[in-house]
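For reference, the structure is listed below as structure tokens.
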Amino acid sequence: MNGEHFEMHPKPIHWLLEGLKKQNMILERIKYREVLGRWGNEDFSKIVDERNFIWSKNEGTIGRATDRLTKEQEREYLVKEYDKQSYFQ
């Protein structure tokens, strides 16, 4: 994804699921579908491992997740990285 960031809400999850239809690697497609299905249901209980799976499949070299952010940490990150202050008003 070359440094792109996605907030995990229904629209980008649907877009990513549609993109899976074009992938040839069946086992990875199954894993991605499971991950996105959980995220689509707002189940982030396995977010660190799932995020690192996707990160490694996209040849990530910097930024391996080690722990889940708290709601406040996530909010601070989004405000800092995306300047989405109006998103939270």
Side-chain angles (χ1 to χ4, degrees):
M1 291 193 295
N2 299 330
E4 294 180 49
H5 302 273
F6 295 97
E7 291 180 51
M8 288 297 107
H9 56 79
K11 194 171 186 175
I13 289 172
H14 176 74
W15 178 79
L16 291 166
L17 285 168
E18 287 298 310
L20 284 178
K21 294 177 182 177
K22 300 174 187 173
Q23 297 297 319
N24 294 326
M25 301 175 88
I26 190 73
L27 292 177
E28 288 181 2
R29 220 168 60 198
I30 291 169
K31 176 71 173 178
Y32 275 108
R33 192 166 295 142
E34 290 172 359
V35 168
L36 293 170
R38 270 192 291 280
W39 292 0
N41 290 321
E42 298 184 18
D43 175 359
F44 301 104
S45 60
K46 300 178 183 181
I47 190 74
V48 173
D49 290 336
E50 292 171 340
R51 185 261 184 215
N52 286 335
F53 167 78
I54 293 169
W55 173 79
S56 68
K57 293 298 176 188
N58 287 282
E59 301 176 3
T61 58
I62 298 173
R64 183 172 191 82
T66 58
D67 203 1
R68 183 176 177 175
L69 297 177
T70 65
K71 292 278 186 191
E72 184 58 31
Q73 289 170 323
E74 184 177 5
R75 182 179 187 277
E76 288 173 10
Y77 175 80
L78 290 172
V79 169
K80 178 182 173 192
E81 295 296 319
Y82 302 107
D83 194 29
K84 294 201 173 191
Q85 295 169 357
S86 62
Y87 176 81
F88 297 102
Q89 295 176 357

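Note: hydrogens, waters and symmetry copies are ignored here, and every other heavy atom, side chains too, is used.
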Exercise for review: Please round to the nearest 0.5 Å and tell me the distance separating atom CD of Q73 and atom CG of D67.
Suggested key: 8.0 Å

Review point. Considering the options R51, R38, R68, which one meets the side chain to side chain contact (heavy atoms under 4.5 Å, CB included) requirement together with F44?
Key: R68

Review point. What's the spacing between E76 CD and E72 CD if we round to 0.5 Å?
Key: 4.5 Å

**Study point:** Side-chain donor or acceptor of N52 paired with backbone N/O of R64 under 3.5 Å
**Key:** no

Check your understanding: Taking D43 for the side chain and S45 for the main chain, is one N or O donor matched with an acceptor at less than 3.5 Å?
Key -> yes

Review point. Quick check: are there more than 12 heavy atoms from other residues, nucleotides or ligands sitting under 6.0 Å from CD of E42?
Key: no

Point to revise | Heavy-atom pair of closest approach, residues I13 and L36 | key: CG2-O, 3.7 Å

Check your understanding: Is the closest side-chain heavy-atom distance between I30 and E34 below 4.5 Å?
Key -> yes

Check your understanding: Honestly curious: do W55 and I47 fall in one hydrophobic cluster under the side-chain, below-4.5 Å linking rule?
Key -> no

